[in-house]
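Numbered from 1 within each chain, the chains take letters A, B, ... in sequence-line order. The shown structure was predicted, so the numbers you read here are calculated from the model rather than taken from an experiment.
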There are 2 protein chains.
Amino acid sequence: EDLLIDGISLDETQATVTVCGVPDQPGVADRVFNEVADAGIFVDMIVQSFSRRDSADITFSVPRADVEKSVATVERLRSTIGFERVTHLPSVAKLSVAGIGLRSHGGIAVRVFKALADEDINIAMINTSEMQINVVIDGEAGSRGLAALQKQFGDMRA
Amino acid sequence: EDLLIDGISLDETQATVTVCGVPDQPGVADRVFNEVADAGIFVDMIVQSFSRRDSADITFSVPRADVEKSVATVERLRSTIGFERVTHLPSVAKLSVAGIGLRSHGGIAVRVFKALADEDINIAMINTSEMQINVVIDGEAGSRGLAALQKQFGDMRA
Ligand SMILES: C[C@@H](O)[C@H](N)C(=O)O
Ligand SMILES: C[C@@H](O)[C@H](N)C(=O)O
(Lines give C-alpha, C1' and ligand atoms only; values in the text may rest on other atoms or scores of the structure.)
(Ligands and ions follow the chains in the order given, each with its own letter.)
Protein backbone atom coordinates (compact mmCIF):
# COMPACT_ATOMS: atom_id res chain seq x y z
CA GLU A 1 0.00 0.00 0.00
CA ASP A 2 1.27 3.49 -0.59
CA LEU A 3 1.40 4.48 3.01
CA LEU A 4 4.96 4.59 4.25
CA ILE A 5 6.43 5.85 7.42
CA ASP A 6 9.70 7.72 7.12
CA GLY A 7 10.43 7.53 10.74
CA ILE A 8 9.23 7.36 14.27
CA SER A 9 11.21 9.54 16.60
CA LEU A 10 11.38 10.45 20.23
CA ASP A 11 12.45 13.89 21.39
CA GLU A 12 13.19 14.09 25.10
CA THR A 13 14.65 17.59 25.09
CA GLN A 14 11.54 19.72 25.41
CA ALA A 15 9.19 21.36 27.85
CA THR A 16 5.84 23.02 27.17
CA VAL A 17 4.41 26.36 28.23
CA THR A 18 0.70 27.17 28.03
CA VAL A 19 -0.77 30.65 28.13
CA CYS A 20 -4.32 30.13 29.35
CA GLY A 21 -7.16 32.48 28.66
CA VAL A 22 -5.60 34.95 26.23
CA PRO A 23 -8.08 37.25 24.53
CA ASP A 24 -9.11 35.71 21.23
CA GLN A 25 -8.39 38.81 19.16
CA PRO A 26 -6.15 39.58 16.19
CA GLY A 27 -2.59 40.39 17.18
CA VAL A 28 -2.33 38.27 20.31
CA ALA A 29 -0.39 35.35 18.84
CA ASP A 30 1.84 37.90 17.07
CA ARG A 31 2.55 39.64 20.36
CA VAL A 32 3.26 36.53 22.40
CA PHE A 33 5.62 34.94 19.93
CA ASN A 34 7.44 38.13 19.11
CA GLU A 35 8.18 38.52 22.80
CA VAL A 36 9.39 34.93 23.06
CA ALA A 37 11.52 35.28 19.91
CA ASP A 38 13.02 38.55 21.19
CA ALA A 39 14.05 36.72 24.35
CA GLY A 40 16.10 34.42 22.12
CA ILE A 41 14.03 31.34 22.88
CA PHE A 42 13.72 28.65 20.23
CA VAL A 43 10.13 27.51 19.80
CA ASP A 44 9.39 24.13 18.20
CA MET A 45 5.66 23.44 18.27
CA ILE A 46 2.84 25.94 18.68
CA VAL A 47 -0.65 24.66 19.22
CA GLN A 48 -3.93 26.46 19.73
CA SER A 49 -6.90 24.17 19.53
CA PHE A 50 -9.90 26.23 20.25
CA SER A 51 -11.26 29.33 21.83
CA ARG A 52 -13.92 29.35 24.50
CA ARG A 53 -16.03 32.42 25.13
CA ASP A 54 -13.60 34.83 23.46
CA SER A 55 -10.50 33.44 25.09
CA ALA A 56 -8.02 30.85 23.92
CA ASP A 57 -5.18 28.70 25.26
CA ILE A 58 -1.92 28.56 23.35
CA THR A 59 0.71 25.93 24.10
CA PHE A 60 4.23 26.01 22.76
CA SER A 61 7.28 23.85 23.27
CA VAL A 62 10.83 24.97 24.02
CA PRO A 63 14.10 23.35 25.10
CA ARG A 64 13.90 22.30 28.76
CA ALA A 65 16.63 24.71 29.78
CA ASP A 66 14.49 27.62 28.55
CA VAL A 67 11.22 26.80 30.24
CA GLU A 68 11.58 29.13 33.23
CA LYS A 69 12.72 31.97 31.00
CA SER A 70 9.76 31.29 28.68
CA VAL A 71 7.28 31.49 31.53
CA ALA A 72 8.86 34.73 32.76
CA THR A 73 8.81 36.16 29.23
CA VAL A 74 5.12 35.49 28.82
CA GLU A 75 4.35 36.82 32.31
CA ARG A 76 5.82 40.17 31.21
CA LEU A 77 2.89 40.50 28.83
CA ARG A 78 0.25 40.11 31.51
CA SER A 79 -0.62 43.78 31.75
CA THR A 80 -0.52 44.43 27.99
CA ILE A 81 -2.48 41.51 26.58
CA GLY A 82 -4.09 40.00 29.66
CA PHE A 83 -4.50 36.30 30.27
CA GLU A 84 -5.63 33.98 33.04
CA ARG A 85 -2.35 32.28 33.83
CA VAL A 86 0.74 30.62 32.43
CA THR A 87 1.39 26.97 33.22
CA HIS A 88 4.18 24.70 32.11
CA LEU A 89 5.32 21.09 31.93
CA PRO A 90 9.08 21.16 32.60
CA SER A 91 9.74 17.81 31.00
CA VAL A 92 7.79 16.24 28.15
CA ALA A 93 8.49 13.57 25.59
CA LYS A 94 7.50 14.28 22.00
CA LEU A 95 6.79 11.33 19.73
CA SER A 96 6.66 12.02 16.02
CA VAL A 97 5.59 9.86 13.13
CA ALA A 98 6.60 11.37 9.82
CA GLY A 99 5.79 9.85 6.52
CA ILE A 100 5.36 9.65 2.85
CA GLY A 101 1.77 9.36 1.86
CA LEU A 102 0.43 10.42 5.19
CA ARG A 103 -2.39 12.03 3.21
CA SER A 104 -4.60 9.37 4.68
CA HIS A 105 -2.76 9.88 7.92
CA GLY A 106 -6.00 9.85 9.83
CA GLY A 107 -5.54 6.08 9.88
CA ILE A 108 -2.02 6.50 11.20
CA ALA A 109 -3.04 8.93 13.94
CA VAL A 110 -5.65 6.50 15.24
CA ARG A 111 -3.00 3.80 15.46
CA VAL A 112 -0.70 6.17 17.37
CA PHE A 113 -3.45 6.93 19.89
CA LYS A 114 -4.30 3.24 20.22
CA ALA A 115 -0.70 2.17 20.76
CA LEU A 116 -0.29 4.73 23.56
CA ALA A 117 -3.68 3.99 25.09
CA ASP A 118 -2.80 0.30 25.23
CA GLU A 119 0.24 1.25 27.29
CA ASP A 120 -1.92 3.43 29.53
CA ILE A 121 0.10 6.47 28.45
CA ASN A 122 -1.73 9.78 28.68
CA ILE A 123 -1.58 12.18 25.73
CA ALA A 124 -0.96 15.76 26.85
CA MET A 125 -0.84 17.44 23.45
CA ILE A 126 -1.63 16.48 19.87
CA ASN A 127 -0.42 18.19 16.75
CA THR A 128 -1.03 16.46 13.43
CA SER A 129 -0.98 17.56 9.84
CA GLU A 130 -0.50 15.71 6.59
CA MET A 131 3.25 15.58 7.00
CA GLN A 132 3.73 14.64 10.59
CA ILE A 133 1.89 13.34 13.62
CA ASN A 134 3.18 14.64 16.94
CA VAL A 135 2.00 13.66 20.37
CA VAL A 136 3.40 14.95 23.63
CA ILE A 137 3.38 12.68 26.66
CA ASP A 138 4.96 12.75 30.07
CA GLY A 139 8.73 13.14 30.09
CA GLU A 140 9.14 9.82 31.86
CA ALA A 141 7.08 7.84 29.36
CA GLY A 142 9.20 8.50 26.29
CA SER A 143 10.96 5.19 25.75
CA ARG A 144 7.88 3.21 26.59
CA GLY A 145 5.88 5.30 24.12
CA LEU A 146 8.49 4.91 21.41
CA ALA A 147 8.58 1.15 21.88
CA ALA A 148 4.78 1.03 21.63
CA LEU A 149 4.85 2.94 18.34
CA GLN A 150 7.67 0.89 16.89
CA LYS A 151 5.69 -2.25 17.68
CA GLN A 152 2.50 -0.78 16.20
CA PHE A 153 4.15 0.30 12.96
CA GLY A 154 6.75 -2.42 12.61
CA ASP A 155 5.21 -3.47 9.32
CA MET A 156 5.32 -0.08 7.70
CA ARG A 157 8.83 1.23 7.86
CA ALA A 158 10.02 2.72 4.59
CA GLU B 1 20.13 32.28 4.12
CA ASP B 2 19.13 28.65 4.30
CA LEU B 3 15.52 29.26 5.07
CA LEU B 4 13.32 28.50 2.10
CA ILE B 5 9.63 28.27 1.74
CA ASP B 6 8.31 25.48 -0.43
CA GLY B 7 4.91 26.90 -0.63
CA ILE B 8 2.16 28.93 0.89
CA SER B 9 -1.24 27.40 0.36
CA LEU B 10 -4.85 28.11 1.12
CA ASP B 11 -7.33 25.34 1.78
CA GLU B 12 -10.94 26.47 1.75
CA THR B 13 -12.50 23.02 1.92
CA GLN B 14 -12.57 22.35 5.63
CA ALA B 15 -14.58 22.76 8.79
CA THR B 16 -13.51 22.16 12.38
CA VAL B 17 -15.10 20.25 15.22
CA THR B 18 -14.09 20.69 18.84
CA VAL B 19 -14.88 18.27 21.63
CA CYS B 20 -14.73 20.37 24.78
CA GLY B 21 -14.02 19.02 28.21
CA VAL B 22 -13.12 15.41 27.48
CA PRO B 23 -11.61 13.54 30.41
CA ASP B 24 -7.84 13.82 30.22
CA GLN B 25 -7.20 10.08 30.56
CA PRO B 26 -5.48 7.45 28.43
CA GLY B 27 -7.69 6.03 25.72
CA VAL B 28 -9.90 9.03 25.08
CA ALA B 29 -8.20 10.25 21.90
CA ASP B 30 -8.11 6.63 20.70
CA ARG B 31 -11.85 6.30 21.29
CA VAL B 32 -12.87 9.56 19.65
CA PHE B 33 -10.84 9.11 16.51
CA ASN B 34 -11.71 5.46 16.08
CA GLU B 35 -15.37 6.44 16.13
CA VAL B 36 -14.79 9.19 13.57
CA ALA B 37 -12.73 6.88 11.35
CA ASP B 38 -15.39 4.15 11.56
CA ALA B 39 -17.92 6.69 10.34
CA GLY B 40 -15.79 7.03 7.22
CA ILE B 41 -14.84 10.65 7.89
CA PHE B 42 -11.49 11.91 6.65
CA VAL B 43 -9.65 13.88 9.31
CA ASP B 44 -6.88 16.30 8.33
CA MET B 45 -5.60 18.15 11.40
CA ILE B 46 -5.94 17.11 15.03
CA VAL B 47 -4.96 19.57 17.70
CA GLN B 48 -5.02 19.32 21.47
CA SER B 49 -3.21 22.17 23.14
CA PHE B 50 -3.61 21.71 26.81
CA SER B 51 -5.65 20.19 29.54
CA ARG B 52 -7.22 22.16 32.33
CA ARG B 53 -8.16 20.49 35.60
CA ASP B 54 -8.20 16.95 34.18
CA SER B 55 -10.14 17.80 31.07
CA ALA B 56 -8.98 18.70 27.59
CA ASP B 57 -10.33 20.16 24.35
CA ILE B 58 -9.56 18.41 21.08
CA THR B 59 -10.16 20.08 17.73
CA PHE B 60 -10.04 18.30 14.41
CA SER B 61 -10.71 19.37 10.85
CA VAL B 62 -12.83 17.58 8.26
CA PRO B 63 -14.24 18.32 4.81
CA ARG B 64 -17.10 20.80 5.11
CA ALA B 65 -19.64 18.31 3.81
CA ASP B 66 -18.84 16.03 6.76
CA VAL B 67 -19.10 18.49 9.60
CA GLU B 68 -22.66 17.66 10.69
CA LYS B 69 -21.93 13.95 10.53
CA SER B 70 -18.74 14.52 12.56
CA VAL B 71 -20.62 16.35 15.28
CA ALA B 72 -23.25 13.60 15.41
CA THR B 73 -20.55 10.93 15.52
CA VAL B 74 -18.85 12.55 18.49
CA GLU B 75 -22.19 13.11 20.25
CA ARG B 76 -22.73 9.36 20.17
CA LEU B 77 -19.82 9.03 22.59
CA ARG B 78 -21.31 11.33 25.19
CA SER B 79 -22.45 8.62 27.53
CA THR B 80 -19.35 6.45 27.15
CA ILE B 81 -16.52 8.96 27.47
CA GLY B 82 -18.28 12.06 28.74
CA PHE B 83 -17.51 15.61 27.65
CA GLU B 84 -18.90 19.11 28.12
CA ARG B 85 -20.03 19.79 24.59
CA VAL B 86 -19.19 19.61 20.90
CA THR B 87 -18.88 22.82 18.91
CA HIS B 88 -17.98 23.36 15.30
CA LEU B 89 -16.99 25.98 12.75
CA PRO B 90 -18.73 24.97 9.52
CA SER B 91 -16.40 26.92 7.27
CA VAL B 92 -12.76 27.69 7.94
CA ALA B 93 -9.79 28.65 5.81
CA LYS B 94 -6.51 26.87 6.47
CA LEU B 95 -3.31 28.66 5.53
CA SER B 96 -0.16 26.57 5.39
CA VAL B 97 3.45 27.53 5.03
CA ALA B 98 5.63 24.54 4.28
CA GLY B 99 9.32 24.71 3.87
CA ILE B 100 12.80 23.47 3.65
CA GLY B 101 14.88 24.50 6.59
CA LEU B 102 11.93 25.43 8.71
CA ARG B 103 14.04 24.17 11.62
CA SER B 104 14.26 27.75 12.69
CA HIS B 105 10.64 28.06 11.75
CA GLY B 106 9.91 29.97 14.91
CA GLY B 107 10.93 33.03 12.94
CA ILE B 108 8.56 32.06 10.15
CA ALA B 109 5.62 31.48 12.49
CA VAL B 110 6.02 34.94 13.99
CA ARG B 111 5.93 36.45 10.52
CA VAL B 112 2.75 34.48 9.74
CA PHE B 113 1.06 35.79 12.89
CA LYS B 114 2.22 39.35 12.16
CA ALA B 115 1.01 39.29 8.56
CA LEU B 116 -2.45 38.17 9.67
CA ALA B 117 -2.57 40.54 12.64
CA ASP B 118 -1.76 43.45 10.32
CA GLU B 119 -4.83 42.49 8.30
CA ASP B 120 -6.89 42.30 11.48
CA ILE B 121 -7.52 38.60 10.77
CA ASN B 122 -8.26 36.51 13.84
CA ILE B 123 -6.46 33.18 14.27
CA ALA B 124 -8.79 30.41 15.39
CA MET B 125 -6.34 27.53 15.49
CA ILE B 126 -2.58 27.11 15.26
CA ASN B 127 -0.71 23.94 14.43
CA THR B 128 3.02 24.24 13.77
CA SER B 129 5.88 21.79 13.65
CA GLU B 130 9.24 21.83 11.97
CA MET B 131 7.80 20.90 8.60
CA GLN B 132 4.73 23.02 8.33
CA ILE B 133 2.98 25.99 9.87
CA ASN B 134 -0.80 25.86 9.74
CA VAL B 135 -3.21 28.51 10.89
CA VAL B 136 -6.96 28.34 10.67
CA ILE B 137 -8.93 31.53 10.18
CA ASP B 138 -12.50 32.39 9.30
CA GLY B 139 -13.77 30.81 6.09
CA GLU B 140 -14.40 34.25 4.61
CA ALA B 141 -10.89 35.55 5.23
CA GLY B 142 -8.99 33.01 3.16
CA SER B 143 -7.95 35.00 0.12
CA ARG B 144 -7.13 38.05 2.18
CA GLY B 145 -4.99 35.90 4.47
CA LEU B 146 -3.23 34.23 1.57
CA ALA B 147 -2.45 37.58 -0.02
CA ALA B 148 -1.04 38.83 3.28
CA LEU B 149 1.26 35.82 3.55
CA GLN B 150 2.39 36.02 -0.05
CA LYS B 151 3.30 39.65 0.54
CA GLN B 152 5.11 38.82 3.78
CA PHE B 153 7.16 36.01 2.27
CA GLY B 154 7.59 37.31 -1.25
CA ASP B 155 11.35 37.32 -0.77
CA MET B 156 11.64 33.74 0.31
CA ARG B 157 10.02 31.56 -2.29
CA ALA B 158 12.13 28.53 -3.17
C1 LIG C 1 -5.62 33.59 20.42
C2 LIG C 1 -4.90 34.19 19.26
O3 LIG C 1 -4.56 33.20 18.33
C4 LIG C 1 -5.70 35.29 18.57
N5 LIG C 1 -6.93 34.78 18.05
C6 LIG C 1 -4.87 35.92 17.46
O7 LIG C 1 -5.33 36.02 16.37
O8 LIG C 1 -3.76 36.28 17.63
C1 LIG D 1 -7.46 14.14 26.08
C2 LIG D 1 -6.85 12.90 25.51
O3 LIG D 1 -5.77 13.24 24.65
C4 LIG D 1 -6.35 11.94 26.58
N5 LIG D 1 -5.35 12.56 27.39
C6 LIG D 1 -5.80 10.67 25.93
O7 LIG D 1 -4.72 10.27 26.23
O8 LIG D 1 -6.42 10.07 25.12
Flag if over 12 foreign heavy atoms under 6.0 Å of [atom1], [X]:
X: B/Glu140; atom1: CD; value: no
X: A/Asp38; atom1: CG; value: yes
X: B/Glu68; atom1: CD; value: no

### Message
Among A/Ile41, A/Thr87, A/Thr16, A/Ile58, which residue has the highest count of heavy-atom pairs closer than 4.5 Å to chain B?
### Response
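The option with the most such pairs is A/Thr87.
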### Query
Out of A/Cys20, A/Ser61, A/Ala115, which one racks up the most heavy-atom pairs below 4.5 Å with chain B?
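Highest number of heavy-atom pairs under 4.5 Å: A/Cys20.
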Pick one of side chain, backbone, both or neither for [X], based on which atoms fall under 4.5 Å of a heavy atom in chain A.
X: B/Asn134; result: side chain
X: B/Glu84; result: side chain
X: B/Ser96; result: neither
X: B/Leu116; result: neither
X: B/Ala124; result: backbone

For the candidates [options], which exhibits the highest count of non-hydrogen atom pairs separated by less than 4.5 Å from chain A?
options: B/Thr18, B/Leu89, B/Val36; answer: B/Thr18
options: B/Asp57, B/Ile121, B/Val136; answer: B/Asp57
options: B/Ala56, B/Gly27, B/Ala29; answer: B/Ala29

### Task
Please report the shortest heavy-atom distance between A/Ile123 and B/Asp24, naming the atom on each side.
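Nearest heavy atoms, A/Ile123 then B/Asp24: O-OD1, 3.6 Å.
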Only one of [options] forms a side-chain contact (heavy atoms from CB on, under 4.5 Å) with [X], so which one is it?
X: B/Pro26; options: A/Ile137, A/Asn122, A/Asp118; answer: A/Asn122
X: B/Ile46; options: A/Ile133, A/Thr128, A/Val135; answer: A/Thr128
X: A/Phe113; options: B/Asp30, B/Val32, B/Val28; answer: B/Asp30

### Task
Give, for atom OG of B/Ser49 and atom CD of A/Gln48, the distance between the pair rounded to the nearest 0.5 Å.
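Result: 7.5 Å between the selected atoms.
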### Message
Between B/Leu95 and A/Phe50, is there shared hydrophobic-cluster membership here, with clusters defined by ILVMFWY side-chain heavy atoms closer than 4.5 Å?
### Response
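Different clusters.
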